[in-house]
Number of protein chains: 2
Amino acid sequence: MVSKSPPPDIVIGRLPIYLRALEALSAEAQEITSSYELGERLGISSAQIRKDLSHFGDFGKQGTGYEISFLIEQLRQILKLKERWVVVVVGAGHVGQALVNYRGFNEHGFDIVGIFDKDPVKVGKPINGLVIRDDQELPAVLNEYRVRIAMIATPAVAAQEITDVLVNCGVKAILSYAPTMLSVPADVRVQYIDPVASLQHMTYYLNRD
Amino acid sequence: MVSKSPPPDIVIGRLPIYLRALEALSAEAQEITSSYELGERLGISSAQIRKDLSHFGDFGKQGTGYEISFLIEQLRQILKLKERWVVVVVGAGHVGQALVNYRGFNEHGFDIVGIFDKDPVKVGKPINGLVIRDDQELPAVLNEYRVRIAMIATPAVAAQEITDVLVNCGVKAILSYAPTMLSVPADVRVQYIDPVASLQHMTYYLNRD
DNA sequence: TAGATTGTTAATCGATTAACAATC
DNA sequence: TAGATTGTTAATCGATTAACAATC
């Protein structure tokens, strides 16, 4: 266990992947695994897995490997997943609605407590137990639930304005589906999901037949 | 212009981001930009932008900068975006349906020619001009259109099986929304979109209040 | 010309891998 | 004990940044 500089962000980003693989192994009723086996599954070297984990503690046993249930709990603790988090969705187009309907968030501890849109035609429509609310109600809901996490599914032009509202009301983590870069203070994290950019990344390698 | 080893994949991944920013500038009727201005917009150093572009050619002019429309065309050529690409979607749950409804793909040269599901209840349902077809028709459609790009929006358990079918029928690029790692031959590219993992990455940095 | 900005080199920084003593 | 696998160190590899001559 090293304890100097903070763990690199790129390492933090891999922990959810490790967690997911461990949960899959656990679901197969396996109890012990090794950095080698995990690496095989994920296409990552065993050395990297051991090094990544070593930033946070000594979780394995020489000659044996890692107890899966124990390592799962450790990773959940490191990633602050032992509590549930409330989340809002801004933008109630097809993407926003798909997010509200997706069961994976709830299954992994994220509770969507509101979905918002500025279009009066959409406001009032029920989706999976929620009702689309007007953007103007956003601050009230953010404050009421002490929301720290938001997902943005608006058009690109609206995203920065919404971001400013979110940041003003204490949101510290934003997952954005809007195809534009957001400006936020240093203490706010942003992750982007951009399927078009992902496709464009891959077309580079395609050969025209 | 350097011309040795192939450009790093991480550089390729930034090109779509540069392209998007340039298109935004172009939409604002701006004609010239600099690596500094672009970097400001994207939160990337100007040196990195110049270095990235230098892998592919000399696109700028000393003292002036880059002609936006010219650089856009160069990037579109590098990324093979001068032609349109056909794409299929496998899995017609909320995510798959949102993908078919999303206008961004068509606007950026990707034509979704089919959406598939194995659930007989869903098969036959129309979505945005397409009709959900049975998974079993997948090979015929892949061959008919010579599809090279697929998006997977199935549950995790079905994703590998679908991947094998796709790869067998000549698909070379897969964008997967299924929360599992896929095994593919070396000549097939895979990109993953995992909103839960993205949220879990950010919760690490959140403080419980 | 004077000012601005490129493309490139070299230096720096950071991440990954290989190797192995420690030890279960 | 013999075999296996960890955690860690050092070496390697790769990416980013700083700096500047070239030049528009």
Complement of C/dA21, any strand, by Watson-Crick or G-U distances under 3.5 angstrom: D/dT6
Rounded to whole Å, please give me the gap between NE2 in B/His55 and P in C/dT9. 12 Å
From CA spacing to verdict: side-chain hydrogen bond (donor to acceptor under 3.5 Å, both in side chains), B/Arg103, B/Asn128: CA-CA 10 Å; B/Arg103 302 165 115 231; B/Asn128 197 22; over 6 Å; no
Let me see the working for B/Leu25 and B/Leu38 under side-chain contact (heavy atoms from CB on, under 4.5 Å), right down to the final yes or no. CA-CA 9 Å; B/Leu25 285 168; B/Leu38 216 42; 4.0 Å; yes
Please confirm whether the shortest side-chain N or O distance from A/Ser35 to OP1 or OP2 of D/dT6 is below 4.0 Å. yes
Determine, stepwise, if the pair A/Gln48 / A/Ser46 fulfils side-chain hydrogen bond (donor to acceptor under 3.5 Å, both in side chains). CA-CA 5 Å; A/Gln48 177 159 89; A/Ser46 61; over 6 Å; no
In whole angstroms, the gap separating P of D/dT6 from CD of A/Glu37 amounts to 10 Å
In whole Å, I'd like the distance from the CG atom of B/Asp52 to the P atom of D/dG14. 16 Å
Over-ring placement of B/Arg189 relative to A/Tyr205, 6.0 Å and 45° cut-offs: yes
Under 4.0 angstrom between A/Gln48 side-chain N/O and C/dT16 OP1 or OP2: yes
Specify the separation, in whole Å, of atom CD1 of B/Ile49 and atom C1' of C/dT8. 16 Å
For B/Gln62 and C/dT8, give me the distance from atom CD to atom P, rounded to whole Å. 9 Å
Separation of D/dT6 P from A/Lys61 NZ (nearest whole Å): 13 Å
Has B/Ser26 got a side-chain atom pairing as donor or acceptor with B/Leu22's backbone, closer than 3.5 angstrom? no
Using Watson-Crick geometry (N1-N3 plus N6-O4 or O6-N4) or G-U wobble (N1-O2, O6-N3), each under 3.5 Å, C/dT16 is paired with D/dA11
Please state whether the phosphate of D/dT16, meaning OP1 or OP2, lies under 4.0 angstrom from any side-chain nitrogen or oxygen of B/Arg14. yes
Counting only side-chain nitrogens and oxygens, does A/Tyr66 get under 4.0 Å of the OP1 or OP2 atom of D/dA4? no
Between B/Leu53 and A/Pro8, the residue closer to the 5' end of DNA chain C by nearest nucleotide is B/Leu53
Could you tell me the separation between the CG atom of B/Leu71 and the P atom of C/dT5, rounded to a whole number of Å? 16 Å
State whether B/Thr64 places a side-chain N or O below 4.0 Å from either non-bridging phosphate oxygen (OP1 or OP2) of C/dT5. no
Distance in angstrom units between A/Asp58 CG and D/dT9 C1', rounded: 15 Å
Residue A/Lys51, side-chain heavy atoms: nucleotide from C/dT16, C/dT6, C/dC24 that is nearest: C/dT16
Heavy atoms from C-beta onward define the side chain here; which of D/dT16, C/dG7, D/dT8 lies closest to that of B/Arg50? C/dG7
Among C/dT6, D/dG7, D/dA15, the one nearest any side-chain atom of A/Ser54 is D/dG7
